[in-house]
Amino acid sequence: MKRYITTIIAGLFSIASFAHSPDTSTTVLVEKENNVWVLQISASLTAFQQEIRTHFSETPYKTPEEFKEMVLAHIKNNIEILFNDNESISLNNGKVKLGHETNVVFEVEGVPLDMNTITITNKVFKDIYKSKSALIILKENFSKNKFILNEANDHGLSLSVVDNEFVEVVPQKASFFSPTILLLLVGVLGIGFAFNFKSRKTELE
């Protein structure tokens with residue numbers, strides 16, 4: 001288990017390299033051991049400063065500690081994680097490590113032992129132009145996949161557990177030839193045919 005945790009920590013540092021500019025960040029949900037989870041969000045200090053200036057403009061920070069408190073509050077207000085459609089979690093004991101690459105870590109409580117789906121919405125950096133965040137969930141004995149949260153998916157997505165792997169649930173879009181569209185098309189054609197038939201019958205009379 002210690003080796004697994006060491007591997008996770010090493011992975012987090014390598015993942016953090018993704019966030020070198022204000023428009024990129026990483027969101028990592030990690031199972032450490034015995035269903036103990038942590039959430040780490042990494043981004044450039046510039047990105048955090050821009051969001052804090054936007055959302056706390058009326059109460060500007062004066063010290064690094066005040067800035068850290070605002071960062072923790074901003075993240076809690078703009079991230080939502082749901083398991084199995086409606087089981088929410090809580091973020092506790094948040095810690096902020098300031099630097100060119102700033103890291104924020106929370107202890108996550110409420111993660112169910114038996115998980116079928118995960119829905120994650122992260123709008124922490126949505127005010128930054130073309131903001132995107134790499135989402136990674138690290139769970140022991142699960143495949144490690146990376147997903148992207150951006151404006152195209154409204155900074156959120158749903159994942160389903162399939163054979164020890166998190167797989168993105170792609171929303172079904174209505175096709176032009178879907179049953180509903182075809183039914184409406186048949187109805188419109190039917191009305192048009194009936195109206196045309198009635199008109200010709202009237203002309204003949």
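Side chains included, hydrogens not; waters and symmetry mates left out as well; all remaining heavy atoms used.
Looking at N84, its side chain does come within 3.5 Å of a backbone N or O of N116 through a donor-acceptor pair.
Distance OG1/T121 to CD1/I81: 9.5 Å, rounded to 0.5 Å. Taken from CD1 in I41 to CZ in F48, the straight-line distance is 6.5 Å, to the nearest 0.5 Å. Remark: E80 CD to N78 CG distance equals 11.0 Å, nearest 0.5 Å. Considering CD1 of I120 and CZ of F147, their distance stands at 9.0 Å, rounded to 0.5 Å. The structure places NZ of K132 at 12.5 Å from CG of N153, a figure rounded to the nearest 0.5 Å. Interatomic distance, CG of L29 versus CG of L39, reported as 6.0 Å (0.5 Å rounding).
Aromatic pair Y61/F56: ring centres not closer than 6.0 Å.
When the shell of 6.0 Å around CG of N164 is examined, it contains more than 12 heavy atoms from other residues, nucleotides or ligands. No more than 12 heavy atoms of other residues, nucleotides or ligands lie within 6.0 Å of CD in E151, so this atom counts as exposed by the packing criterion.
Contacts of E65 classified as salt bridge (Lys or Arg N to Asp or Glu O under 4.0 Å), with partners at least two apart in sequence or in another chain: K68.
Side-chain contact check for D23 and S21: at least one donor-acceptor pair (N or O, by modelled atom type) lies under 3.5 Å.
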Pair L159, N145 - check side chain to side chain contact (heavy atoms under 4.5 Å, CB included), show working.
CA-CA 11 Å; L159 304 174; N145 296 326; over 6 Å; no
Set out, in order, the CA-CA distance, both residues' side-chain angles and the distance that settles side chain to side chain contact (heavy atoms under 4.5 Å, CB included) for W37 and I89, then state yes or no.
CA-CA 11 Å; W37 290 77; I89 53 89; over 6 Å; no
From CA spacing to verdict: side chain to side chain contact (heavy atoms under 4.5 Å, CB included), T117, F83
CA-CA 6 Å; T117 62; F83 286 88; over 6 Å; no
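Residues in residues 104-129 take part in these salt bridge (charged side-chain N to carboxylate O under 4.0 Å, His left out) pairs, two or more places apart or across chains: K123-D154.
With contacts defined as side-chain heavy-atom distances shorter than 4.5 Å, the pair Q40/V38 does not qualify.
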